[in-house]
Amino acid sequence: MATKTDPKPAGVVDEKFRNADKTYEGLSRTQLIEAYRIMYTSRRVDDREILLKRQQKIFFQISGAGHEAVGLAAGFTMKPGYDWFYPYYRDRALCLALGATPLDMLLMAVGAAADPQSGGRQMPSHWSFPKLNVVTQSSPTGSQILQAVGCAEGGRYFSSHPHAAKKSEGDYRQFKDVQFQGDEVTYVSLGDGATSEGEFWEAMNTASNRKLPVLFVVQDNGYAISVPVEVQTAGGNISRLVAGFPNFHFEEFDGTDPVASYAAFARTVAYCRAGEGPGFIHAHVIRPYSHSLSDDERLYRPDAERERDATRDPITRMQMFLIREGILDEKGINKLEKQVEDDLQIAVDQALEAAPPTPDMIMRYIYSPDLDPTSSALQTEPASAALAADGKKVAPKTMADLINATLRDEMRRDERIVIFGEDVADASREQYLNEKLIKGKGGVFKLTYGLQHDFGSDRVFNSPLAEANIVGRAVGMATRGMKPVVEIQFFDYIWPAMMQLRDELPLMRWRSNNGFSSPCVIRVAIGGYLTGGAIYHSQCGESIFTHTPGMHVVFPSNALDAAGLLRTAIRCDDPVLFLEHKRLYRETFGRAPYPGPDYTIPFGKAKVVQAGTDLTVITYGAVVPRALQAAQKLEREHGIKVELIDLRCLNPFDWETIAASVSKTNRALVAYEDTLSWGYGAEIAARIADQLFDHLDAPVRRVAAKDVFVAYQPILEDAILPQAEDLLRAMKELAEY
Ligand SMILES: Cc1ncc(C[n+]2csc(CCOP(=O)(O)OP(=O)(O)O)c2C)c(N)n1
Ligand SMILES: [Mg+2]
C-alpha cells in the first residue's frame, strides 16, 4: 500500500488533543489523509481532462468521478506488482493508488509518444502499467473478466509448477518473464451494465468452480450510459442473482463511503488471499459526470435524481469525514488540495508539451519484435529422413497422429504448455482413468488422446461448453507466461469467442505498445468434404482471421506440415490460429513418419507441391489434394504442366513464391474451399493483378465454394464445394486462354 509515513504535515489537526492512534476499520489518520489526496487527485485529473477536451487539446474523456472510494479501497488493500489488475475505465483512483501518476494519464489523453500505456494508440483511461501488473484493457465491456480468470489460473499453475517459470532459450520463453506469488489475488472490475455480458457469467462460473483467487468488483452506478440497472439485471440487483455461486465471499455496500469500502475490500481480499475462493464486491456508487463527455445525462435523468446522487459524492463525504473526525481541518484540506492542483498543473504542462507519436511507429509491435517465426533458422529436416536414409523403416502416420505426437513432445519440452477445450481430456473423472476402468476420450477427433494420462489433469483438462471461456482464459494465462494450446472443437462454433479473437488476443501487444503479449495457440477443426457434415460441421472462414492484424493463421494440408508448423506455432511469441482440416486428419494423402521432436517449418513459406511451366495454382488445405489430382490428370490428358503451390500458412503468406511462379507461368488460378466472394483468394488474386500485371497472359481466376453454406445431402455438398473436376475445368480454360 502506498502510504506516507512522514511527520505530521502542517494543517493536520494537533494530535496531542486527539486520539492519534485511533484507526478506522484499520486505516490510520495518516492513511486517511493519503486516501483523500488520491481521491481528490483522481477527481481533479478528470476535471482537467474535461477542460482540455473542451479546449480540443485532447480527443476523448471518460471519468472515474463518483467511483473514487472504491478504487481507493482496492488500491489500499491490494499490492501493485504483486497482485494482478484487470480494471475498467472508471478505475482512475485505483491506478493512482497503485502508483500510476497523473502525468501517465495525461500523456495518454493527449496521445503522446511517451504515453506509457499505449504510445498514443488507445483512448484515455484504458489503463496499462506492466510494472504494477495492471494489464492492458480494451473498450469492449466485459472482455477483461475471463482474462482475469486465466491470469489467476496462471498464478496458481506456476505456484504448483515453479520450474515452468524458468527462462529458456530458443522459443517465446526467452522473452517472457514469469512472476508469481503463492497468495496473489487478481482484481477485475466492471460496471453494472457489463454484468449483462455472457462472458461475465462464464467467468463467475469458472472462478467459482475452480475456487480461484479472483476479486470481482461490480461498480454499480445504476446506469449503463442511459439504460438503468433494472433493465440490465433481473430484479435490479446483481448481488441477488449471483448469490448462488458456490465458494464466493460476497459483499454489497455503499461504495461512496471510503471507510466502509476499505473494510469490505479488506475482508474480501483476505478471503481470496487465503485461497478460500473468489470474492464478489458489489459497490453502489454514483456517476456525477454523465457517461462520458459524449453523453448528456440530463436527457434521461431528471434533476431530482441527479441531486440525490450528489449528496453521496465520495469526495465531499471524505472531506466531511476528515473534518468531523478532526483528522484535517479546513486549512489542512485547502493546503492538500492546493498541493494537488500545483502538481497537476506541472503534469498538464508537461503533457501538453509532449511529442506526438510519428506515423512510422504504427506498424511496430503488431507482432513480437524478438522472435521472427518466418526465420530460415526454423527450416529443418525431418529426423525421419535420416532414419530412412539409414535403411530404417519409418511408418507413415496420419495428420491426427502427428499432431498428437507433436503436442506430446512439446509438452514434455515445455512445462508452460497446458491444453484445454471441450472434451480434450481423456476423462475429467480421473479416478476412472486411475482405476483403468476406461480408455479415455482425448477430443472428439482424438487429437489430444493420452495427453492427460501422460501429463496430468492440471495440464490437460476440459473446459465448460463455452468458447469465449476457452479463448478468454487462454489470453489471461498467456499474459502470465503460460503457453495455452487450446482447442475449438469445430470452426462453426468459434463465434462465441469472436470478441476475444478479434478485439483481445491479437491486440494485447499492439495496444499496450509492447507492454503485454499473449502468445498462445488456438487449434480449430475446420472444413467440409465430410459427406453429411452439413451447415454446422463444414464451415471455413479463414479470411475473417487473416483480416485481423496481430494473429498468425496456419492451414496445413498434410501430416508433415502439420507437425512442423504446429511446433513453430507453439514456440512462437505471437498468437497463432492453427486450422486443422477435419477431412485431412486421417486421409491417406499426405501421411508421413513422425519427423522428430525438433522439426519446425517457418511461417510464411509455401511449398511447391509440383513444379510446372504453364499455369500456377495457388491453394491450401483440403483443396491441395484435389488440385493435385486435377493437375496430374491435366498433364496426362492434355500435357499441360501446372505449378501447384500449397501456401500452408495464410498469415504471413509467401508472396515471393507466388510472384516467382506467376512471373514464370504467366497464368494464375487461386483455389480455396471457402465461399468464393470476399474469401481469402480474393486478396491473393488482387495482389497478383496489382503487382504482376505485366507478367499476366490471362485474367486471374478463382475456384471456390458457391456463395452458400454447405448442405447435408452429399449431392448438394458436392455441388457446393469445389471438386477436382471444377479445378480441372478452370485449369484447362486458363491454360488455353
Ligand atoms: C461490448 C460493448 N458494447 C457496447 C459498448 C459501448 N459502451 C461503452 S460503456 C457502455 C455502458 C457501460 O455501463 P456499465 O457497465 O454500467 O459501466 P459504467 O460506464 O456505468 O461505469 C456501453 C454500452 C462497449 N464499449 N462494449
Ligand atoms: Mg454503470
Side-chain angles (χ1 to χ4, degrees), residues 42-43 46 49-50 60-71 74 86-95 122-127 136-148 187-204 216-239 241-242 252 254-256 261 280-297 299-301 305-306 309 312-314 468 471-472 475 495-505 507 511:
S42 180
R43 181 66 63 92
D46 276 325
E49 281 191 359
I50 289 167
F60 182 73
Q61 210 282 332
I62 191 156
S63 88
H67 293 232
E68 292 93 343
V70 176
Y86 285 77
Y88 88 124
Y89 45 84
R90 306 258 183 239
D91 273 327
R92 190 187 297 289
L94 165 70
C95 292
Q122 288 231 78
M123 287 174 147
S125 299
H126 285 52
W127 323 112
T136 172
Q137 68 155 112
S138 60
S139 299
T141 49
S143 56
Q144 73 279 24
I145 318 171
L146 283 164
Q147 294 175 21
Y187 167 101
V188 62
S189 61
L190 58 148
D192 44 291
T195 64
S196 300
E197 295 283 1
E199 291 194 13
F200 164 73
W201 298 94
E202 292 185 20
M204 291 287 289
F216 293 79
V217 179
V218 174
Q219 302 183 20
D220 183 351
N221 55 24
Y223 278 93
I225 310 187
S226 68
V227 182
V229 65
E230 70 273 16
V231 175
Q232 294 288 346
T233 306
N237 183 307
I238 192 64
S239 283
L241 293 192
V242 299
E252 181 182 2
D254 179 356
T256 62
S261 299
F280 188 88
I281 279 183
H282 180 191
H284 292 276
V285 295
I286 59 164
R287 193 197 66 180
Y289 287 1
S290 292
H291 172 71
S292 73
L293 267 204
S294 318
D295 172 48
D296 179 0
E297 68 174 2
L299 296 175
Y300 52 87
R301 297 184 78 187
E305 185 183 301
R306 296 170 54 241
D309 263 13
R312 293 172 54 219
D313 191 304
V471 180
V475 175
W495 313 118
M498 200 59 196
M499 180 66 88
Q500 293 293 333
L501 288 167
R502 170 79 189 173
D503 281 5
E504 296 295 333
L505 178 62
L507 275 158
R511 77 180 187 218

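What you see below is based on every heavy atom in this structure, not just the backbone, and it leaves out hydrogens, waters and symmetry mates. Just so you know, ligand 1 is whichever comes first in the structure, and atom 1 is the first atom listed for that ligand. Just so we're clear, the structure is a prediction, and the values are computed from it rather than from any experiment.
Within the structure, the closest approach of Arg90 to ligand 1 falls below 4.0 Å when heavy atoms are considered. Heavy atoms of Glu197 come nearer than 4.0 angstrom to ligand 1 in at least one pair. Contact annotation: Ile225 has at least one heavy atom less than 4.0 Å from an atom of ligand 1.
Looking at Tyr88 next to ligand 1, an N or O pair under 3.5 Å apart turns up. Taking distance alone, with nitrogen or oxygen atoms compared against 3.5 Å, Arg287 stays at or beyond that limit from ligand 1.
Ligand-side atoms of ligand 1 in range of Asn221: 18 (P), 20 (O), 21 (O), range being under 4.0 angstrom from any heavy atom. With ligand atoms numbered from 1 in the order given, ligand 1 contributes 16 (O), 20 (O) to contacts under 4.0 Å with heavy atoms of Tyr223. Those atoms of ligand 1 with a heavy atom of Gly191 less than 4.0 angstrom away are 14 (P), 15 (O), 16 (O), 17 (O). Near Pro140, meaning under 4.0 Å from one of its heavy atoms, ligand 1 places the atoms 26 (N). Interface of His291 with ligand 1, defined as ligand atoms under 4.0 Å from a residue heavy atom, comprises 9 (S), 10 (C), 11 (C), 19 (O).
For the residue pair Ser138/Asp503, the side-chain donor-acceptor check at 3.5 Å is not satisfied. A donor-acceptor pair shorter than 3.5 Å can be found between the side chains of Thr141 and Glu197. The closest side-chain donor-acceptor pair between Gln137 and Gln122, if any, does not fall under 3.5 angstrom. In summary, the side chains of Glu504 and Ser143 do present a donor paired with an acceptor at a separation below 3.5 Å, with no hydrogens or angles considered.
Within the 3.5 Å criterion, the main-chain N or O of Thr195 finds a donor-acceptor partner in the side chain of Trp201. One N or O on the side chain of Arg511 and one on the backbone of Thr136 form a donor-acceptor pair closer than 3.5 Å. A donor-acceptor contact shorter than 3.5 Å links the side chain of Gln144 to the backbone of Gly142.
The protein heavy atom nearest to atom 17 (O) of ligand 1 is Tyr89 OH, 3.3 Å. In terms of protein heavy-atom proximity, atom 15 (O) of ligand 1 is closest to Ala194 N, 2.9 Å. Looking only at heavy atoms of the protein, atom 25 (N) of ligand 1 is closest to Ser139 O, 2.9 Å. What sits closest to atom 14 (P) of ligand 1 on the protein, heavy atoms only, is Gly193 N, 3.4 Å. Of the protein's non-hydrogen atoms, Thr141 OG1, 3.8 Å is the one closest to atom 3 (N) of ligand 1.
Ionic pairing of Asp192 and Arg287 is not present here: no N-O contact between side-chain nitrogen and carboxylate oxygen is shorter than 4.0 angstrom.
At a cut-off of 2.8 Å, Asn221 is counted among the residues with an N, O or S atom near the Mg ion (ligand 2). At least one N/O/S atom of Asp192, from backbone or side chain, sits under 2.8 Å from the Mg ion (ligand 2).
Note: Tyr300 and Tyr223 have tilted aromatic rings, judged against thresholds of 30 and 60 degrees for the angle between ring planes. In this structure, His282 and Phe280 have perpendicular ring planes: the angle between them is above 60°, well past the 30° mark.
You'll find the side chain of Val188 stays beyond 4.5 Å of the side chain of Tyr88, heavy atoms only.
The proximity of Gln232 to ligand 1, defined as any non-hydrogen pair under 4.0 Å, does not occur for either the backbone or the side chain.
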